[in-house]
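Data first, discussion second: the structure below is written as structure tokens.
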Amino acid sequence: MQLFSTFESTGFLEMAVSTLEKKGIQKENIFAAPLDNRTEDRKIFDSLHRSDGTSLIDIGMGIATAFAVIGASIGFELAWGPIYWGLISAFVGFVLGFIIRLFMELVVKKNKRVLKGKHSEVILIIDCEESQAALIEDILWKHFALGVAKVK
């Protein structure tokens, strides 16, 4: 049977390995492999197959609505009338809001786009007998494994 677990690269990983060795698991049956974390920048624009949940048009829509109302109100006194000025103002408001949101994402929230939370840095693979699986799984969880899987 094999047990797979992921860990952050901390002292708890070393303590888990040494505890497993004390419980009778041979060094040859313990394999640790470091994982490569994402190094490329995260994308700002979404595609059909991937979305990060961040909208770039939310501020643009709000400002477009406000500008459309103001433009239509002022348009009653202008030459082209309220409809044209409402549409022109809405377009200008949307573009302004989109630029504001894009600036916020690129400059202000640049650090926020980095992956958050705990990152798996090492995968630990342990070959063992089925009778030892529960003990090994318990040891891994007690030493703060991020995830554990068993394969027969």
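If you chain together hydrophobic residues whose side chains sit under 4.5 Å apart, F67 and I99 never meet in one group. Grouping the Ile, Leu, Val, Met, Phe, Trp and Tyr side chains by contacts below 4.5 angstrom, directly or via other members, places F76 apart from V69.
Here the CD1-OG distance, from I139 to S5, works out to 11.0 Å after rounding to the nearest 0.5 Å. Rounded to the nearest 0.5 angstrom, T19 OG1 and L140 CG are separated by 9.5 Å.
For the residue pair F98 and L56, the shortest heavy atom distance occurs at CD1-O, 3.6 Å. Of all the heavy atoms in L146 and F7, the pair that sits closest is CD1-C, 4.2 Å. Scanning all heavy atoms of the two residues, the minimum distance from G97 to I63 falls at CA-CD1, 3.9 Å. Heavy-atom minimum distance, F31 versus A33: CE2-CB, 3.8 Å.
Between F144 and F12, the two ring planes are perpendicular [angle over 60°; tilted spans 30° to 60°]. Y84 and W80 have perpendicular rings, their planes meeting at more than 60° on a 0 to 90° scale where under 30° would count as parallel.
The local environment of CG in L78 is crowded, with over 12 non-hydrogen atoms from other residues, nucleotides or ligands closer than 6.0 Å.
Paired with V148 under the rule side chain to side chain contact (heavy atoms under 4.5 Å, CB included), one option of D138, T6, I126, L3 passes, and it is L3.
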side-chain contact (heavy atoms from CB on, under 4.5 Å) evaluation trace for F94 with I57:
CA-CA 8 Å; F94 178 78; I57 65 169; 3.8 Å; yes
Go through the steps to decide whether I25 and Q132 satisfy the test side-chain contact (heavy atoms from CB on, under 4.5 Å), and finish with yes or no.
CA-CA 9 Å; I25 306 298; Q132 297 174 313; 3.7 Å; yes
Begin from the C-alpha positions of I30 and L124 and carry the test side-chain contact (heavy atoms from CB on, under 4.5 Å) through to its verdict.
CA-CA 7 Å; I30 300 172; L124 193 63; 3.8 Å; yes
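The backbone N or O of S55 lies less than 3.5 Å from a partner atom in the side chain of R101, making a donor-acceptor pair. Remark: the backbone N or O of G86 is not paired with any side-chain donor or acceptor of S89 at under 3.5 angstrom. Side chain of E121 to main chain of S9: a donor-acceptor pair is present (N/O by atom type, distance under 3.5 Å, no hydrogens or angles).
Under the 4.5 Å side-chain criterion, counting only non-hydrogen atoms from C-beta, E130 is in contact with K152. Using a 4.5 Å heavy-atom threshold, the side chains of M104 and I59 count as touching. In this structure, the side chains of K150 and Q2 stay at 4.5 Å or more apart for every pair of heavy atoms.
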